Structure formats: structure tokens, C-alpha cells
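A quick write-up on the structure given underneath.
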Amino acid sequence: MSINQTNIASLVEGLNQPQRLAVEQAGGPLLVLAGAGSGKTRVLTHRVAYLIAAGAARPHEILAITFTNKAANEMKERIEALIGPIARTMWISTFHAACARILRRDAQLLGYQRNFTIYDAADQVRLVKRCLSDLGYDVKRFPPKGVHANISAAKNKLIDANEFAEMVDGFFDDTVSKAYELYQKKLFANNAMDFDDLLLRTVDLFRRFPERLEHYQNSFRHILVDEYQDTNHAQYTLVNMLGQLHRNVCVVGDDDQSIYSWRGADIRNILDFEQDYPEAVTVKLEQNYRSTQTILSAANCIIANNRDRKNKELWTALGQGETIQIMEAEDEHSEARFVAGEISRMKHEEGFSYGDVAVFYRVNAQSRVLEDILVRYGIPYRVVGGTKFYERAEIKDALAYLQLLENPADSVAFARIVNSPKRGIGIASVATLTRYADAEGLSMMEAAGQAAGIADLRPASARALEDFSHRMSELAEAAAGTPVAEIMDEMLNATGYVEALQAERTIEAEGRLENLMEIVGVAGEYDRRAPGGSLGDFLQEISLYTDIDQLAEEKEVVTLMTLHNAKGLEFPVVLIIGAEEGVFPHSRSLEEQNLEEERRLCYVGMTRAMSRLYFSFAVTRNLYGSRSYNMASRFIAEMPEDLVEVRTARAGRDFRPAHDAAGASPAAFIGEKDPDAFFRVGDNVIHAAFGKGKVTGVEPGGTVAVKFDLDGSERKLMIDYAPIRKA
DNA sequence: GAACGCCGTGTTTTT
DNA sequence: CACGGCGTTC
């Protein structure tokens, strides 16, 4: 079916009035204030399809920006379903990916090579640290992470090192300024960019080479930006630059869901859009198609406590629904047991599936206790975020090797893997080599090739370095035109990386090898998807990749993630845990007077829930190694009493509802008393140390007796502490 | 050069 | 608590 034949009317069929307005608005600036669950994605995709079907733009004249790669892929798929494969020529990506694409083409104009490396957060901090040490600063007084955060904040505001130097105020600033300057120099010397550079350098490119800007201004007839409330100044500037000519800028967002100010996002971007574009048309989407009225009313009440916002009230036709459950637990273990118990009950007694359920928390560390309990209850789950796959040492090593093949100037990649696996090139040798490279104006890789001629190096180190250098150039030669998976496989073997891990013979090394197999698999997938694709393209794709992007709606498992990660998702059942003052709202946000953003975070979390919502809080919890006693989150108090039901599982209270004694049957409190029920006589269990065994007795107080196959011993175990789970 | 262990310290959210 | 930095030992 060609575009011309697409039935335009079908694109607005089934849309409500404001949605339809947003889709049909022909051109000019358009602000879509889209409340949670109001069909925002539908509007965006239909609008794009409509523009094309109506002849307002050709596919390659569309630039659509999303917040994550995952959102970009989804949008691509959905538009393709509407208008066919021609959708593939549209620019649909994140800001960072779009900028990277532009810079790959024109980096030379800025003095970079096109094969520049993109550093991830850890690389960036490491480089800042090196800058600080080089400058002779004490990294204890000036934590690299903090200095990096300052540099990043400046970059997000398009302040370069020179401008920063001029506005220095105080000693710390002065240090940041010096570090910033050197950091930028090193990035350039390594032919590398950090995340912020992708935006900053693109703006720079457009400012210094207006014809490049004109080119893109002309080609992007329509620009659409999703999650506009979370754009930073650099992104804002890019949109304005690109949209200046046609002024067909459509931004979609919800000021109540702005949760990234700590990353430089400026909520004013969306609040001031109508001032920036006086001719703008504004459409409000307030009908929610996701949640029950109870959930929405509670969320509305909470967010109403924020002062600086565009007023809107979500409503739904889905009906009142269930009250919100609030659970008071004794501590984090009890809280976790409650969560696990509820999930189990929903699954076995109420017909929910594990995939229907998500647990949100404020900080990643909170997932640990929960995971522990879930494993013991035999509930399958997956954690989104946290210790990320792409942050694992072995994965970063493997990618650093490839990076070095692609961009031999990259000294960060070089330093990472020059002695990994161990080849006798220690810190001392690397320091000597660095001095030599700096003095001669060489990259580390080049210097390594001349190691034999460096007087200060011990002969053994020099030989090792030359070997390394030869090996790498051999690999580089073999790499040309070879599929990425093959390059990676060859490299892992030729460098002895796999061999070294195999020699370890530990479970941990085993896991690392598995991870390496996985990354080779990812490369293979890339090769299949993009035949003839280059190593550079693969690395770029990976560098902008995050775990959330591959959150496939796979198996039937419970989803665990931070509230930040929850944005844009929806689940029939949501449990928000750790609703305590100091945890959520986070203590640091209270110090920084950033309470409104925490409240928005709460709003985001709540509005993910379709039919059932829980909050839980613990009277006491172990956090950061010490015990703390927290009050229930103020957000709980901000919900109207008639919408919630509070229960307690504190010891000695017999699991009865704290307020509303008539409301709940104590039996519902499976979580707290059910550990016993989860281990029954005859169950097969596995203990981390004693291996397989069978439950021979269950005693009150959470104790079970287990007879172990291995040595025939029978032990009494406290299920709260013993590392056992069902087999 | 590498492995181990001790000490001190900083702990939010991430494209 | 967990990690990084640093010193000691092999």
C-alpha cells in the first residue's frame, strides 16, 4: 500500500477530540501537554503518519526525538505499521543518537576524526580523575565524580571551558575549571566525546558552520520531541536552531513528569514554550486510558501540592477501582516478605500473572533484600538497571579492545586493557609509556609500538608492550571487512582473554565467560541486522545503549526497577516500596530543596499502575550499613484517606489494619506469616552450602527443619537468614 | 609485578 | 556495606 492510498480518515479514527486536534494540526509550533496515560505515543505516531499521508512532509523530512532508544524503536515500529516500510527513512532517535549521526558525518570540520569514541559515564569519571591527578590536585578533596558532575552541568548549559573559567567563583570552581580545560583537551587528543559533547559539539558545529545548520534546517520540515519536560538547555537550543526555518516544532510532554533536573533538564523549557513560540497552539490531553479513578485521584492530590506547574486534572472512564493499599512493615525484610506474599497471592488466587506486576523503589540498593526474598519464594523476576550488563568489567574490556582497533588514539581504552589479561605491564611501565607518549606527541598505541626504544622501560615490559602492539595491529588488519562477531571472537582468543578466564576455574570466571558469549551474540545479532555494517557503527550503537532499551516484554516475570526507570511504562499492578522520609523523598533531595521533583517522581510511579497500587514503608531499615528509623513518607499523608487502606505487619499487632479494622481480613496478610506456608514438609530445597535437601518439619517463628542429602544431616534453619530456596 | 588485606570514606536518580 | 586507595608481602 502506498502512502497516497493510506486512508487519512483512518488515522484519526477512535481518537478523542484533543488527540485529534494534535494529530491534525497542520503546521506551526504545537505544544501537547499530555498527562500520564493519555495516549501520548498514539498521538505522536498518528501525527507523523498523518503528516506524511496528508503530504505535509516526506518521511526523510521528519525528525522525531525520543527519550530512550527503546522508545525510538517502538515509535518506528508503530509508524511502520501505519504507513509501511518507508517509515524507515525517518530520523527517529534520541538526541544523543541523532547528534552522533550528524557528527559522524561532519566531525572533521571540528577537528575530530569521524571514528571518534563515545565515552560512557565510568570512562568520563576516570578521565576526570586523571586530569585532577595530572594537575596535582588531591582527589580526596576534589572527588572526580563531583568535579565531573560540575563539568557535565556546565556542558548541558552550553558553557565551554573558557566561559567557565571566566565565571569561576571560589576555590572549588577554580579546580573544576582547570580540570574542565584539561579534560576537554584529553578528550580531543583521544578523539573521544562524552555524552554531553554529542550535544555541545553539534551546537558548536551549527554555530561555526551555518551552512551545515541550513542543510539540516531545510531537510527537517517537521520536528517532534517527546518527553520535552526532560530536555536540557543544549537540547533546547538544538531544537530551536533546527526548527527556526520551518517552525514546525511539535513538543510533547508533561511538566508533572519532569524528573531529570539533576541531569540538567530544565522544566522551564516546557513551561515557557508558549512564550518561545507565541503563535503556538496548545493541546491538553487529560483523559487517561490507563488507570482507575482512585489511582488518578490520589496522584492528582499529591501533585497538587506542587506550585510551579500547568494545571491539569486527569480523569478516566475506567471507573473507581480498588483502594490503594498502604503497608506498614517492621523492617525491610518484613516489607520484602509482604511484597513477595502479595505477589504470590495475586498469582495463585487472583489470576494475575507475574508479568503484570512491577515493584518500584527509589534507589537501586533497595532491590537486594527484595531479590533475596523473591528467590526464596520461588518468584521469577528481572531487575532493570542496577549493575548493568554493559558496565561489567569483562564487557567493558571486550569493547575497549574493539574500541582500540577502531580508534587507536583512545588512551582510555588502551589503559583499560593493556594489562588485561595480565601480561606483565604494570602501573610503572604504563606511567613510563605515558611520559614518553606525551613527550613525543604520540598516542599510547603508537608509543607501545616503539617500546624497544624507550630507555626507562624494563626489557621485559618493553617486550610485552611490543608484543601487545603487534598483536593489535595484526587484529586490526584482519578486522577489515570482517563481521563484528568474528572480530570479537578472534580478539578474545588471540589476546588470551578467554584463556586467562578459563584458567581461573572459578564460578565467577565462568559467569564472565558467559557474559562474553552474550556480547559476541549481541555482535552477531548486529551483523545479521546490518550486513556489511562497520565496527564503528556497532560500537556507536552499543555506547548509546542502556539496559532499559532491551527490556523486552519477555517472560512471565515480576519487574523490579527504580522509579526513574519506570517512566513511560505501565503495569496492571504496581508496588512502590520504601515510602519513607529520607528514602522517598530522598534525604538528599530534602537538603537540596528539591521536594517538588521527588513528588513528580511519586506521581510518575503511581500513574504507571493500571488497576492496583500499593505503597509500603518500613519503621526501621538498614541502609548504607546503619540502622535508621524513618517516618512514613509525606506522600502517603498527601493522599485522601478515603482512597487508601492502611495495614500494618509490625510485630505484636497481629497484622490487623492500623486504621480501618473492618477493612481487611487478617488472612490477607499472607506476606508476614506465610513464610511457613511457603516451605511445607516434603518440599525439596537447595541450600547454598549444604546443597539439596528435603523439608522434614515446619515450626512457628519461621524455622524449618531440613534433612540434607549430601551428608544426611538434619538442621533447623531460620528461613529469614539461611540461604535456602525451593528446588 | 601481583595479590592480599587493612583502613577510611561516601553512598540518588542516568541518556 | 562496599569499594577504592594504599601499604605489605611474596
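From a predicted model like this one, the values you see are computed outputs, not experimental measurements.
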I need the [atom1]-[atom2] distance between [X] and [N], as an integer number of Å.
X	N	atom1	atom2	answer
A/Arg627	C/dC1	CZ	C1'	13 Å
A/Asp138	B/dG8	CG	C1'	13 Å
A/Gln257	B/dT13	CD	C1'	16 Å
A/Asp372	C/dC1	CG	P	13 Å
A/Lys567	B/dT15	NZ	P	10 Å
A/Asp226	B/dT15	CG	P	15 Å
A/Leu563	B/dT14	CG	C1'	14 Å
A/Asn622	C/dC1	CG	P	8 Å

Could you run down the sub-3.5 Å N/O contacts of the protein with nucleotides 9-12 of chain B?
{"from": "B/dT12", "atom 1": "O4'", "to": "A/His586", "atom 2": "NE2", "distance (Å)": "3.3"}
{"from": "B/dT12", "atom 1": "O2", "to": "A/Arg362", "atom 2": "NH1", "distance (Å)": "3.3"}
{"from": "B/dT12", "atom 1": "O2", "to": "A/Arg362", "atom 2": "NH2", "distance (Å)": "2.3"}

A/Tyr119 and A/Tyr183: aromatic ring centres closer than 6.0 Å?
-> no
Step through it carefully: locate the ring centre of A/Tyr260, locate the ring centre of A/Phe67, and say whether they are under 6.0 Å apart.
-> yes
Apply side chain to side chain contact (heavy atoms under 4.5 Å, CB included) to A/Asp331 and list each qualifying residue two or more places apart in sequence or on a separate chain.
-> A/His333, A/Ser334, A/Thr620, A/Arg627
Pick base, sugar-phosphate or nothing for A/Phe67, based on heavy-atom distances below 4.0 Å to the nucleic acid.
-> sugar-phosphate
Would you mind classifying the nucleic acid contact of A/Arg368 as base, sugar-phosphate or nothing, using non-hydrogen atoms under 4.0 angstrom?
-> sugar-phosphate
Determine which pairs satisfy salt bridge (charged side-chain N to carboxylate O under 4.0 Å, His left out) with at least one residue from residues 413-429 of chain A, sequence neighbours left out, and list them in order.
-> A/Asp397-A/Arg416
Kindly point out which of C/dC1, B/dT15, B/dT13 is positioned nearest to the side chain of A/Thr68?
-> B/dT15
Output yes when A/Lys567 and A/Glu227 qualify as a salt bridge under the 4.0 Å nitrogen-oxygen rule, no when they do not.
-> yes
So, are A/Arg600 and A/Glu597 salt-bridged, with charged N and O less than 4.0 Å apart?
-> yes
Return all side-chain donor-acceptor pairs below 3.5 angstrom for residues 454-464 of chain A, not counting sequence neighbours, or 'none' if the list is empty.
{"from": "A/Ser461", "atom 1": "OG", "to": "A/Ser429", "atom 2": "OG", "distance (Å)": "3.1"}

Output all residues satisfying ring-ring contact (aromatic ring centres under 6.0 Å, His included) with A/Phe220, sequence neighbours left out; order by chain, then residue number.
-> A/Trp91, A/Tyr216
Is A/Lys157 atom NZ crowded by more than 12 heavy atoms from other residues, nucleotides or ligands, each under 6.0 Å away?
-> no
N/O to N/O distances under 3.5 Å, protein versus nucleotides 1-5 of chain B:
{"from": "B/dG1", "atom 1": "OP1", "to": "A/Ser429", "atom 2": "OG", "distance (Å)": "3.0"}
{"from": "B/dA2", "atom 1": "OP1", "to": "A/Asn419", "atom 2": "ND2", "distance (Å)": "3.4"}
{"from": "B/dA2", "atom 1": "OP2", "to": "A/Asn419", "atom 2": "ND2", "distance (Å)": "3.2"}

Does A/Asn565 place a side-chain N or O at less than 4.0 Å from the phosphate oxygens OP1/OP2 of B/dT14?
-> yes
Taking the same atom, P, in C/dG4 and in B/dT13, what whole-Å distance lies between them?
-> 16 Å
